[in-house]
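So you know, we letter chains A, B, ... as the sequences are listed, proteins then strands, and number each from 1.
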Protein chains: 2
Amino acid sequence: MPKQAEKVRRAPLSRDRILRAAVALADETGIESLSMRNLAQDLGVVPMALYKHVANKDELVDGMIDVVVAEIDPPEAGDWKHAIRRRILSARQVLLRHPWAALAIESRNTATPAVLAYLDSTVEALRAGGFSTDLAHHVMHAMGSRVLGFSQELFDTSRQAGRSGATVPEPPADLPPEMAARFPNLAAIATAASHDGDSVVGPGCDDQFEFEFALDLLLDGIERLHRDGWTSHRTL
Amino acid sequence: MPKQAEKVRRAPLSRDRILRAAVALADETGIESLSMRNLAQDLGVVPMALYKHVANKDELVDGMIDVVVAEIDPPEAGDWKHAIRRRILSARQVLLRHPWAALAIESRNTATPAVLAYLDSTVEALRAGGFSTDLAHHVMHAMGSRVLGFSQELFDTSRQAGRSGATVPEPPADLPPEMAARFPNLAAIATAASHDGDSVVGPGCDDQFEFEFALDLLLDGIERLHRDGWTSHRTL
DNA sequence: ACCTGAACACCGTTCAAGT
DNA sequence: ACCTGAACACCGTTCAAGT
């Protein structure tokens, strides 16, 4: 009887409960330290119990991605540019909450159903805005991962493995002296960002600004192509 | 004496020889099946021998990235737009030869020296073209990983883990029927690409076209900002 | 029939014992 | 002093033995 009671104490395992626990664990400790074994331990369960609900670790990660993508706001009504811009910025907020997700999405070789649904509704917004399927197609490629709210920042000091990066503000972004000597041009743009006179955000790059800068650069270019009736047939 | 001879038969280990073997192994079998142990076996050496030349696996991968980045053509002379465009397309060719490299670069939390040098020379080209450090800075962020020749193709069917993707041409890209029903807009753009009347490339997406489409969209937008004397101070 | 512990085939890396 | 085999602390997953 006490044995029975102990067993019943925990909510029964379910795919959903496993995925939620996995997302929480990856958020806290980073995805590289998420293992079937310590996920099971977190759930108070023997490792093999997970395999009743997920086929293997790859399928677990797929499920985790779907949980994250489901957090993105549904599309708004209104003109295509505004709707897509808002949705992408929402996606960005979601991915900031789950720093492991961008890399996880990229490392899958096939998109998950939730990602496909997200992409589909984005194409839908373009077509509703009068885009030809031709232009919509190229636009989707051009947006790349940015459509899902992330871009790989090649010199992003904040993307520390594991840590839930968004929380800790950047320290002053000046390059250490020996780096500045080797890479004078990087030093110049880093310094420009740090000591930008009327910048309210303080030292370091304002990631939100950079993201919106790139996003609007793309959206403005796309709008121009759309307005001009761009076609891929023998044009470029 | 024969023992001695056997030992001498293989070229002596060196960091360079290790890195080259690791790149070759990753190119052939994918980076997920690259281990210290089977790299050592490839080199006819005991695993621990590698640790004389690389501190650990992370440093090995950093070294591999530097080998790849070194294959990118040096910058050409000429106007900034042409020079940067050519260099990025060269980077793309290099990354196509090493399909594992893009993800490896992204998953590092700090850029390697060779990557920094590459970025630095790109900034140099912008500044030589008359860009303010301010604009050059935002431009680098906007280019994101595209500056290194890759973009994450979220619905790229060719990015199979392991296989050296560039070799095998795409099969017809129509979505399977049950996918087409669930994601009608994706089906529409996929079909548009497949059955594009005067397309020479045949079925499927022409990845090179898509990459250049996005690259030129960005470069044209950047040129426009540059020409108009764009500044971040209270503009956006 | 269901569940699960032990086992298998791997990892990266430490360390002490061998030369 | 150098090199390296065995060992350690992990993996994901299989499988047969237990209930």
Practice item. Answer yes when B:Arg182 and A:Asp120 have at least one side-chain N-carboxylate O distance shorter than 4.0 Å, and no when they do not. Key: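 Here B:Arg182 does not pair with A:Asp120 in a salt bridge, since their nearest N and O are not under 4.0 Å apart.
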Check your understanding: The side chain of B:Arg37 lies closest to which of these nucleotides: D:dT14, D:dA6, C:dG12?
Key ->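 Closest nucleotide to the B:Arg37 side chain: C:dG12.
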**Study point:** Closest nucleotide among D:dC11, C:dT4, C:dG12 to the A:Ser35 side chain
**Key:**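 It is D:dC11.
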Tell me the interatomic distance from [X], atom [atom1], to [N], atom [atom2], rounded to whole angstroms.
{"X": "A:Leu50", "N": "C:dG5", "atom1": "CG", "atom2": "P", "result": "13 Å"}
{"X": "B:Glu32", "N": "C:dC10", "atom1": "CD", "atom2": "P", "result": "15 Å"}
{"X": "A:Ile18", "N": "D:dG12", "atom1": "CD1", "atom2": "P", "result": "14 Å"}
{"X": "A:Asn38", "N": "D:dA9", "atom1": "CG", "atom2": "P", "result": "17 Å"}

Practice item. Go through residues 51-67 of chain A and report each residue with a non-hydrogen atom lying under 4.0 Å from DNA chain D, sorted by number. Key: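 Residues of residues 51-67 of chain A under 4.0 Å from DNA chain D: A:Tyr51, A:Asn56, A:Lys57.
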Review point. Heavy atoms under 4.0 Å, any strand shown: does A:Met48 hit a base, just sugar-phosphate, or nothing?
Key: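 It contacts base atoms.
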Check your understanding: Mind checking whether B:Phe209 and B:Phe213 have parallel, tilted or perpendicular rings, split at 30° and 60°?
Key ->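 Parallel: the ring planes of B:Phe209 and B:Phe213 meet at under 30°.
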Check your understanding: With both distances under 3.5 angstrom, what nucleotide forms a Watson-Crick or G-U wobble pair with C:dA16?
Key ->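 Looking at the geometry, C:dA16 pairs with D:dT4.
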Exercise for review: Measure the shortest side-chain to side-chain distance between B:Leu25 and B:Trp100 over non-hydrogen atoms and say whether it is less than 4.5 angstrom.
Suggested key: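 They are not in side-chain contact.
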Exercise for review: Would you mind reporting whether B:Asp207 and B:Arg92 have side-chain heavy atoms less than 4.5 Å apart?
Suggested key: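 Side-chain contact under 4.5 Å: yes.
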Exercise for review: Determine the sole option in A:Thr29, A:Val23, A:Ile31 for which the side chain to side chain contact (heavy atoms under 4.5 Å, CB included) test with A:Asp27 is passed.
Suggested key: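 Only one option passes, and that is A:Val23.
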Check your understanding: Do A:Asp66 and A:Thr112 have a side chain donor and acceptor closer than 3.5 Å?
Key ->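 Result is yes, a qualifying pair exists.
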